[in-house]
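By convention in this document, chain letters (A, B, ...) are assigned in the order of the sequence lines, proteins followed by strands, and residues within each chain are numbered from 1. All values derive from a computational prediction rather than experimental measurement.
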Amino acid sequence: MLQVNLLRENPQLVIDRLKVKNFRAEELVEKILSLDEVRRSTQTKMDETLAEANRIAKSVGQMYKEGKASEAEHLKEQSAMLKTKTRDMNEDLDRITREMNDLVVQLPNLPHVSVPVGRSAEDNEIVFSHGQIPDVGEQALPHWDLIKKYNIIDFDLGNKVTGAGFPFYRGKGARLQRALINFFLNEGISAGYLEYQPPLLVNEASAYGTGQLPDKEGQMYGVPVDGFYLIPTAEVPITNIYRDVIFREEDLPVKNVAYSNCFRREAGSWGADVRGLNRLHQFDKVEIVQIRKQEESYQALEEMRDHVSSLIQKLELPFRIVKLCGGDMSFTSALTYDFEVFSAAQKRWLEVSSVSNFESFQANRMKLRYKTKEGKNFLAHTLNGSALALPRIVAALLENNQTGKGITIPKALVGYTGFEIID
RNA sequence: GGAGAGAUGGCAGAGUGGUCUAUUGCGGCGGUCUUGAAAACCGUUGACCUUCACGGGUCCGGGGGUUCGAAUCCCUCUCUCUCCGCCA
């Protein structure tokens with residue numbers, strides 16, 4: 001969430017920047033500011049009343065000690081009156097704060113100044129591309145046929161045991177999964193990230209912390225009996241490690257890498273987008289997370305972008321990087337790069353990673369801060385990205401590397417798979 | 001699942017109704033001494049809201065209550081630990 005201070009100091013900036021995300025903030029900002037004013041004056045009045053009540057209580061104690069109990073009586077009455085008054089004030093304050101908060105969380109994060117204006121994915125800016133689109137010929141099969149041909153991923157079995165979108169990986173398919181996970185984790189570790197293995201279920205507070213709740217509840221699987229949610233990404237448990245944490249300046253940056261299963265209900269998805277491995281309810285992903293000082297976060301974003309690029313290059317897949325336009329960005333992001341690999345048989349670009357700087361938007365909600373040597377606290381900047389999500393990488397590897405003899409494994413991965421071809 | 005104990009500042013750990021403005025130690029920071037460091041000694045030490053400022057207020061796991069006054073008493077929830085049981 002945005003800081004109310006910013007709204008107070010520069011409401012016009014907020015309104016102008018949010019136009020880039022096609023968000024009309026005027027009315028909301030105005031309401032918030034007027035509630036904020038009421039909140040502050042109520043707070044001041046309540047503080048004064050409490051201070052008075054505290055003074056009286058102290059002198060009552062003094063009188064008892066001096067044996068002047070009778071004189072204390074009328075003071076007791078007075079204090080009791082003040083007490084009822086503050087109780088009402090406190091209720092008002094709670095209500096106003098809650099109302100204000102409900103409005104503040106409706107404001108998206110401000111996009112970075114470099115974010116292109118636009119409505120949809122068509123307006124995204126291609127900032128980098130690499131690799132040749134392979135000619136796999138007219139006989140090329142899409143991955144959902146290849147997995148059957150080589151019997152490496154079984155959707156029907158998943159349907160039987162669980163349901164749609166929960167496939168079984170089998171034989172070389174399972175080994176390829178395991179190899180990719182290890183490859184991504186090791187590359188992350190080499191780049192200075194600390195590996196974590198997080199819980200796959202989180203409590204409600206954590207789901208709020210990263211913004212899945214309250215509005216994206218329908219996208220998560222839940223375990224209502226225990227009040228848990230299955231994580232849609234490792235970002236949730238990993239980022240929540242740092243909820244309510246104040247770092248010492250010298251303990252930053254934090255760089256974490258984590259593999260996890262991800263569970264997404266994907267309610268409302270349909271069509272060619274969801275065919276085969278393109279969209280699953282359970283999938284595997286390696287996630288990188290950074291926590292940075294404010295002035296370093298954009299440099300960190302570029303670092304992460306380079307890291308993800310190097311992964312895809314080592315897998316020898318043709319890819320491009322797009323900078324998302326205002327209309328295509330997520331609610332919480334200030335700047336996002338999407339990575340898309342080309343799927344030769346489907347003849348389309350598949351999103352395999354999304355790397356974002358959230359600046360202080362998540363940190364403000366989570367109260368994640370760092371203390372400078374001078375003793376001042378600042379909100380940290382948080383960043384995360386997939387490095388990488390497996391299913392679409394697997395789809396692209398299968399489709400792009402199909403040959404008459406089988407599917408070849410890129411060199412960088414052979415050490416991990418233990419085989420060079422799926423046949 | 002059964003029984004018991006507990007939750008206090010970065011950490012350890014006192015405090016059972018009124019100078020708590022939370023004792024003390026460790027750690028951190030600053031200083032004295034030293035060529036430098038260690039030791040010793042001295043000082044200092046959290047978060048949040050509000051105020052131009054002085055200041056005021058809130059916070060002892062969360063919520064509620066009793067009282068003029070609550071870290072302290074009562075209710076409730078959550079979590080942790082120990083022992084037993086079960087178990088990869």
Side-chain angles (χ1 to χ4, degrees), chain A residues 1-10 32-104 197 199-209 213 222-229 237 240-252 254 261 291 360 363-380:
Chain A
M1 60 195 274
L2 292 176
Q3 290 174 267
V4 178
N5 267 346
L6 177 66
L7 297 186
R8 203 152 54 194
E9 280 158 21
N10 206 340
I32 291 166
L33 288 180
S34 76
L35 277 172
D36 183 52
E37 210 158 295
V38 178
R39 181 188 65 87
R40 276 149 61 212
S41 66
T42 309
Q43 170 93 49
T44 308
K45 267 183 248 157
M46 189 180 84
D47 284 356
E48 282 165 4
T49 313
L50 276 171
E52 177 68 15
N54 287 347
R55 265 195 300 278
I56 292 173
K58 217 167 257 179
S59 56
V60 169
Q62 196 59 33
M63 286 176 174
Y64 271 102
K65 222 178 266 171
E66 291 165 5
K68 295 189 260 186
S70 55
E71 283 175 45
E73 280 314 305
H74 79 283
L75 283 181
K76 279 166 92 167
E77 267 171 51
Q78 213 179 326
S79 175
M81 248 173 57
L82 291 175
K83 190 67 188 284
T84 6
K85 226 165 127 187
T86 59
R87 199 171 304 179
D88 291 345
M89 286 172 157
N90 200 26
E91 272 168 28
D92 283 350
L93 192 64
D94 280 351
R95 185 176 44 77
I96 293 162
T97 308
R98 226 177 309 120
E99 262 174 51
M100 194 176 92
N101 215 44
D102 286 348
L103 296 180
V104 174
Q197 193 172 114
L200 302 180
L201 278 70
V202 293
N203 59 28
E204 210 168 278
S206 296
Y208 270 102
L213 290 180
V223 185
V225 196
D226 298 295
F228 295 147
Y229 292 90
N240 270 286
I241 295 172
Y242 307 104
R243 178 152 41 88
D244 290 318
V245 167
I246 302 176
F247 280 98
R248 286 177 307 183
E249 187 178 24
E250 61 267 31
D251 292 333
L252 293 179
V254 165
N261 298 113
I291 296 169
S360 60
N364 188 35
R365 184 185 276 226
M366 289 200 300
K367 303 278 170 276
L368 163 55
R369 289 160 292 178
Y370 60 95
K371 185 188 285 295
T372 60
K373 298 223 163 52
E374 296 74 41
K376 278 201 75 168
N377 288 340
F378 290 96
L379 288 172

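If you take atom P in B/G61 and the same atom in B/G43, they sit 30 Å apart, rounded to whole Å. Comparing B/C52 with B/G18, their P atoms sit 37 Å apart, to the nearest whole Å. Nucleotides B/C60 and B/A14 place their C1' atoms 13 Å apart, quoted to the nearest Å. Going from the P atom of B/U45 to that of B/U24 covers 12 Å, rounded to whole Å. Comparing the C1' positions of B/U80 and B/C74 gives an interatomic distance of 23 Å, to the nearest angstrom. Comparing B/G9 with B/A22, their P atoms sit 14 Å apart, to the nearest whole Å. Taking the P atom of each, B/G25 and B/U44 are spaced 12 Å apart, rounded to whole Å. Separation of the C1' atoms belonging to B/G6 and B/A71 is 15 Å when rounded to the nearest angstrom.
Within the 4.5 Å cutoff, the side chain of A/Leu33 has no heavy atoms near those of the A/Glu37 side chain. A/Asp92 places a side-chain heavy atom less than 4.5 Å from the side chain of A/Arg95. Residues A/Arg369 and A/Lys371 fail the side-chain proximity criterion, which asks for heavy atoms closer than 4.5 Å.
The CE atom of A/Met89 sits 8.5 Å away from the CD atom of A/Glu48 when rounded to the nearest 0.5 Å. Here the straight-line distance linking atom CG of A/Leu50 with atom NZ of A/Lys85 works out to 11.0 Å at 0.5 Å rounding. A/Arg40 contributes atom CZ, which lies 12.5 Å from atom CD1 of A/Ile96 (distance to the nearest 0.5 angstrom). Interatomic distance, OH of A/Tyr229 versus CG of A/Leu201, reported as 11.5 Å (0.5 Å rounding).
A/Ser79 places no side-chain N or O within 3.5 Å of a backbone atom of A/Leu75 that could act as its donor or acceptor partner. Of the possible polar contacts, none joining the A/Ser360 side chain to the A/Asn364 backbone as a donor-acceptor pair under 3.5 Å is found.
Ion pairing of A/Arg98 with A/Asp94 is absent here, as no side-chain N (NZ or NE/NH1/NH2) approaches a carboxylate O to less than 4.0 Å.
Per the geometry, NZ belonging to A/Lys367 stands 17 Å off C1' belonging to B/G46, to the nearest Å. We find that CG of A/Asn377 is positioned 13 Å from C1' of B/G10, with the value rounded to whole Å. Between the CG atom of A/Asp94 and the P atom of B/U58 there is a distance of 14 Å, given to the nearest Å. With rounding to whole Å, A/Arg365 atom CZ is found 19 Å from B/C48 atom P. When the C1' atom of B/U58 is taken as reference, atom CZ of A/Arg39 falls 13 Å away, rounded to whole Å. Atom pair A/Arg87:CZ and B/U58:C1' shows a separation of 17 Å (rounding to whole Å applied). One interatomic measurement links the two molecules: CG of A/Asp244 to C1' of B/G46, which rounds to 14 Å at whole-angstrom precision. A straight line from CG of A/Asn90 to P of B/G64 spans 8 Å, rounded to a whole angstrom.
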Below 3.5 Å between N/O atoms, which protein atoms pair up with nucleotides 86-88 of chain B? Just atom names and distances, please.
none

Enumerate all atom pairs, one protein N or O and one N or O from nucleotides 17-20 of chain B, separated by less than 3.5 Å.
| residue | atom | partner | partner atom | Å |
| --- | --- | --- | --- | --- |
| B/G18 | N2 | A/Ala57 | O | 2.9 |

Scan nucleotides 27-31 of chain B against the protein and return all N/O pairs shorter than 3.5 Å with their distances rounded to 0.1 Å.
none

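Distances shorter than 4.0 Å separate some side-chain N or O of A/Arg369 from OP1 or OP2 on B/C48. When the side-chain nitrogen and oxygen atoms of A/Lys371 are compared with OP1 and OP2 of B/A47, one or more of them lie within a distance under 4.0 Å. Dashed line: the shortest gap from a side-chain N or O of A/Asn203 to OP1 or OP2 of B/C79 is not under 4.0 Å.
For A/Glu52 against A/Arg55, the heavy-atom pair with the smallest separation is OE1-NH2, 2.8 Å. The two atoms that bring A/Arg365 and A/Tyr208 nearest to each other are NH1-O, 3.0 Å, heavy atoms only. Between A/Ala380 and A/Ala363 the shortest heavy-atom distance is O-CB, 3.1 Å. Pairing each heavy atom of A/Glu99 with each of A/Leu35, the nearest pair is OE1-CD2, 3.7 Å. Of all heavy-atom pairs spanning A/Thr42 and A/Leu93, the tightest one is CB-CD1, 4.0 Å. The two residues A/Pro199 and A/Pro237 come nearest to each other via the heavy atoms O-CG, 3.7 Å.
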Name the atoms and distances for all side-chain donor-acceptor pairs under 3.5 Å in residues 241-249 of chain A, with sequence neighbours left out.
| residue | atom | partner | partner atom | Å |
| --- | --- | --- | --- | --- |
| A/Tyr242 | OH | A/Asn256 | ND2 | 2.7 |
| A/Arg243 | NE | A/Asn240 | OD1 | 2.7 |
| A/Arg243 | NH2 | A/Ser206 | OG | 3.0 |
| A/Arg248 | NE | A/Asp251 | OD2 | 3.2 |
| A/Arg248 | NH2 | A/Asp251 | OD2 | 3.3 |
| A/Glu249 | OE1 | A/Lys373 | N | 3.3 |
| A/Glu249 | OE2 | A/Lys293 | NZ | 3.4 |

message: Would A/Asn101 and A/Met1 count as a side-chain contact (heavy atoms from CB on, under 4.5 Å) here? Give the steps.
response: CA-CA 9 Å; A/Asn101 215 44; A/Met1 60 195 274; 3.2 Å; yes

task: Represent RNA chain B in dot-bracket notation, 5' to 3'. Only Watson-Crick or G-U wobble pairs with both distances under 3.5 Å count; pseudoknot-style crossings use [ ] and interstrand partners use |.
output: ((((((((.[[[..)..(.....]]]((((((.......))))))(((((....))))).[[[[[..)....]]]]])))))))....

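The side chain of A/Ser79 sits closest to B/C68 out of B/U50, B/A47, B/C68.
Only A/Gln43, A/Thr44, A/Asp47, A/Leu50, A/Ala51, A/Asn54, listed by number, bring a heavy atom of residues 43-55 of chain A to less than 4.0 angstrom from any atom of RNA chain B.
Nucleotides of RNA chain B nearest to A/Ile246 and A/Lys76 differ in position, and the one nearer the 5' end is that of A/Ile246.
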